[in-house]
Amino acid sequence: MKQDKKTIFFCKECGYESSKWSGFCPVCKAPNSFVEAPSAPSGRKGGLSPASFADRAVPVRLEDITAEQAERYHTGSAELDRVLGGGLLPGSLVLTGGDPGIGKSTLLLQVCRNLAHSGQKVLYVSGEESLKQLKLRADRLGKFDGDISFLCETDLDRILSLMQEEKPQVIVIDSIQTMYTPQAASAPGSVTQVRECTNLILNTAKGLNISVFIVGHVTKDGTVAGPKILEHMVDTVLYFEGDRHASYRILRGVKNRFGASGEIAVFEMRSEGLKEIPNPSAYMLSGRPENASGSVISCVMEGTRPLLLEVQALITRSNYGQGRRTATGADYNRVALLLAVLEKRLSVTLSDCDAFVNITGGLRVNDPALDLAMVLALYSSFRNVTVPDDVMVFGEVGLAGEVRSVPLAKERVQEAARLGFTTCVLPKSSLSAELNARGMKLIGVANIEEAVLVL
Ligand code: TYD
Ligand code: MG
């Protein structure tokens, strides 16, 4: 058989395909992200083609489609169920990404244990660990019962035929970068292999109504293909975030065809596995300093959930004329912009100061509602005055120093009231009668001058 030898290039960050190599990706602008991959030989052998489970498609009208709501499997974690959109849908493909060592295998093993316990037939395929290692991990998590079996295999054809013979209801592929199919002519972990393997799994799983969890390592560099290229192929994408060295982990739903995306679940890594944290706001605020300048509490929306967190800022005189700016957890450019607004509108000189902004808890936040808290934290550190402990602050700050309204003010105020805050500083335009929750003192501000006066 003559093989097509044409070389194609992929951006390993966003999956953009090109016939020419380029120093940076024209779509996601990532530098040096192009990797070479020989195109897969044309003509598939084996596997179920999409047509074989849809027997010759004909167009139908919407009213003729009967779609009974399939019963979802419950993963045993209410938080994970919420991120998945109310449980795991039979036949759906879930990609779980994250840095190595963050806890993907642990989470999925726990999910398998719970699913098997509630009566599902589960197959856990590991291409990374031996059966002995799996056993050691499983022993830490507790007792396993029900119909669950383990397989150490990297040959995808063997896994696909097992899926057809055994017909498990749920299967875990850990990880996709270790899987190999002879149908793609490159090494395991390459873009072509990862895409081809996912495609074959997808076709077989959809045909047999098997739910699949695919583990993918996120790699910023190196030769292994990142899971970004798979995002468009799967139904749901979950990413594990958080500091590997701290104990909490945040699981974020980045894409969900069967539920809201952007939901998060917070877990804590214990010696006996991951434990969900049902009240993350309280968790995020634990250990905050008392009466310290530069610390302000704000509220961001993560999906449908309000989350309180602490914004910390530190301003010090720079030793080198030109001040440095550092942002951890917040957008760097946003911090630079807010510093400029602060300098212009409040007539303070910051250009010769070093400024550091940190969102505690290891979260990465993009919610503009955090602006006002960052401004107040910076100002508080600069003037060395403290913001009272029971004050929560939110609002977007514009270039003119105006404080603009943000969506879901009521949810934010309610969350603050629930955690014992007594005062809220918020955009004047967000004030409304329905906000008056449980004796909370609401202070509406129109611009940052008013905000600093209030404090
Ligand atoms: P793991 O699930 O192997 O990460 P990944 O599959 O994403 O690479 O998690 C590995 C880390 O978690 C490892 O450093 C050990 C730690 N861990 C615990 O702290 N408690 C536990 O019960 C388990 C199983 C792992
Ligand atoms: Mg693992």
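Computation of the quantities below employed the complete heavy-atom set of this structure, encompassing side-chain atoms and omitting hydrogens, waters and symmetry-equivalent molecules. Since the structure is predicted, the reported quantities are computational estimates derived from the model, not experimental observations. Read the numbers this way: they start at 1 and go in the same order the structure lists the ligands and their atoms.
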Geometry only, no angles: is Leu141 polar-contacting ligand 1 at N/O separations under 3.5 Å? no

Atom 6 (O) of ligand 1 - nearest protein heavy atom and its distance: Ser105 OG, 2.6 Å

With a cutoff of 4.0 Å, is Gly273 in contact with ligand 1, counting heavy atoms of the residue only? yes

So, Ser211 and Gln169: side-chain donor and acceptor under 3.5 Å apart, yes or no? no

May I ask you to check whether His217 has an N/O atom sitting below 3.5 Å from an N/O atom of ligand 1? no

Report, in ascending order of atom number, the atoms of ligand 1 lying under 4.0 Å from any heavy atom of Pro100. 8 (O)

Look at atom 4 (O) of ligand 1 and say which protein heavy atom is nearest, naming residue and atom and giving the distance to 0.1 Å. Gly103 N, 3.1 Å

Starting from atom 2 (O) of ligand 1, find the nearest protein heavy-atom neighbour and note its residue, name and distance. Thr106 OG1, 2.6 Å

Is there an N/O/S atom in Thr106 that lies less than 2.8 Å from the Mg ion (ligand 2)? no

Answer with yes or no whether the side chains of Arg137 and Thr106 bring together a donor and an acceptor at under 3.5 Å. yes

Identity and separation of the nearest protein heavy atom to atom 15 (C) of ligand 1: Arg140 NH1, 4.5 Å

For atom 20 (N) of ligand 1, what's the nearest protein heavy-atom neighbour? Residue, atom name and distance, please. Arg270 O, 2.7 Å

For atom 13 (C) of ligand 1, is there a protein heavy atom at a distance under 4.0 Å? no

Within ligand 1, which atoms have a heavy atom of Ser271 less than 4.0 Å away? 20 (N), 21 (C), 22 (O)

With a cut-off of under 6.0 Å to the ring centre and 45° to the axis, is Arg249 in cation-pi contact with Phe267? no

Give the atom numbers and elements of ligand 1 that come within less than 4.0 Å of a heavy atom of Glu272. 22 (O)

Are Asn114 and Thr75 linked by a side-chain donor-acceptor pair shorter than 3.5 Å? no

Nearest protein heavy atom with distance in Å, relative to atom 19 (O) of ligand 1: Met269 CG, 3.3 Å

heavy-atom search around atom 11 (C) of ligand 1 in the protein gives Gly101 O, 3.6 Å

